[in-house]
Amino acid sequence: MPDTAASRRIASILATLAARYPAPETMLHWRTPWELLVATVLSAQCTDDRVNKVTPGLFARFPDVAAVAAADVAEVEELIHSTGFFRNKAKHLVATAQLLVRRYAGQVPQSMPALLELPGVARKTANIVLANAFGIQAGVAVDTHVKRLAWRMELTHSKDVLKIERDLMACIPQADWGRANHWLVLFGREVCTARAPRCRACPVASHCPRRDVAEK
DNA sequence: ATCCCGAGGG
DNA sequence: CCCTCTGGAT
């Protein structure tokens, strides 16, 4: 069980961020579960607007799972080049598309274990796809920003992603699990940055146990 | 120069 | 646990 004061902090912060940031579907552009899966994979180490810049061309050239499954990896690499890590991402996307065609009739599976078998998909991506494409609130997606927030808010000091996820789930309304990552990422990039956090501009400074650590 | 909206692999 | 993979923003 997470510390209850920290739980209240996280809940208050999420409520504030929910009012401040738009819905996730307005950020990453996607129309189908497959497109969300692709966009989420591409978003590793990359901002939403850069992903949104390449996905229209990618989806136009390879309109569905079957097309990606038959695609030349080098051509996919070219189309997603600007999102970084393009060799890994292209290889994973093609391999995943091939697996979907082979085992799931070209559909994106709607369960955590099935998603985790897809190359390039781990827990964070699976949580986001399940929640936002299928409305299945399987869990909170944890990435570097979310971890940092959980630590700074003293919800937990664990480095175990599964424990961090469970502690967050205990204090975030289940309906927000799919969106929490998005809000926290934006907040983490704009305000509660890894170094030199902009505490003076922080909308939730009053909830922060480290607000005495002033912005320099 | 340095850091980053992950995931796979040693 | 550590490393690698990448371009782009700052």
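Letters A, B, ... are given to chains in the order of the sequence lines, protein chains preceding strands, and every chain is numbered from 1. This one's a predicted model, so the numbers in the text were calculated from it and none came from an experiment.
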Expressed in angstrom and rounded to an integer, what is the separation of A/Lys89 atom NZ from B/dG6 atom P? 8 Å
For atom CD of A/Glu75, decide whether the heavy atoms of other residues, nucleotides or ligands shown that lie under 6.0 angstrom number more than 12. yes
Passing candidate, side chain to side chain contact (heavy atoms under 4.5 Å, CB included) with A/Ile164, options A/Asp160, A/Leu162, A/Asp167, A/Leu168: A/Leu168
Respond yes when some side-chain nitrogen or oxygen of A/Arg50 is under 4.0 Å from OP1 or OP2 of C/dA9, and no when none is. no
Kindly confirm whether the side-chain ring of A/Phe85 is stacked on the base of C/dG7, judged by centres under 5.5 Å and planes under 30°. no
A/Glu35: partners by salt bridge (charged side-chain N to carboxylate O under 4.0 Å, His left out), with sequence neighbours left out: A/Arg31
Heavy atoms from C-beta onward define the side chain here; which of C/dG8, B/dC4, C/dC5 lies closest to that of A/Asn88? C/dC5
In whole angstroms, how far is the C1' atom of B/dG6 from the CZ atom of A/Phe86? 17 Å
Run the side chain to side chain contact (heavy atoms under 4.5 Å, CB included) check on A/Val142 and A/Arg123 step by step: do they pass? CA-CA 8 Å; A/Val142 179; A/Arg123 222 179 158 71; over 6 Å; no
Determine whether A/Gln110 and A/Tyr104 satisfy the following criterion, side-chain hydrogen bond (donor to acceptor under 3.5 Å, both in side chains), listing intermediate values before the conclusion. CA-CA 10 Å; A/Gln110 305 192 23; A/Tyr104 301 102; over 6 Å; no
With rounding to the closest Å, how many angstrom separate the P atoms on B/dA1 and C/dT6? 22 Å
Between the protein and nucleotides 8-10 of chain B, which nitrogen or oxygen pairs are less than 3.5 angstrom apart?
unit_1 : atom_1 : unit_2   : atom_2 : d
B/dG8  : OP1    : A/Gly120 : N      : 2.8

Rounded to the nearest 0.5 Å, what separates atom CZ in A/Arg179 from atom CG in A/Leu17? 12.5 Å
Rounded interatomic separation in angstrom, taking CZ from A/Arg123 and P from B/dA7: 11 Å
Looking at every strand, decide which applies to A/Ala194 at a 4.0 Å heavy-atom threshold: base, sugar-phosphate, or nothing. sugar-phosphate
How many whole angstroms separate atom CG of A/Leu42 from atom P of B/dC4? 21 Å
Verify the contact: side-chain N or O of A/Gln45 to OP1 or OP2 of B/dG6, cut-off strictly under 4.0 Å; return yes or no. yes
If you measure from the C1' atom in C/dA9 to the same atom in B/dA7, how many Å do you get, rounded? 23 Å
For the side chain of A/Thr125, counting heavy atoms from C-beta on, which of B/dC4, B/dA7, C/dT6 is nearest? B/dA7
Measure the distance from CZ on A/Arg148 to P on B/dC3 and round it to the nearest whole Å. 13 Å
Supply the atom-to-atom distance A/Arg148 CZ to A/Thr193 OG1, rounded to the nearest 0.5 angstrom. 6.5 Å
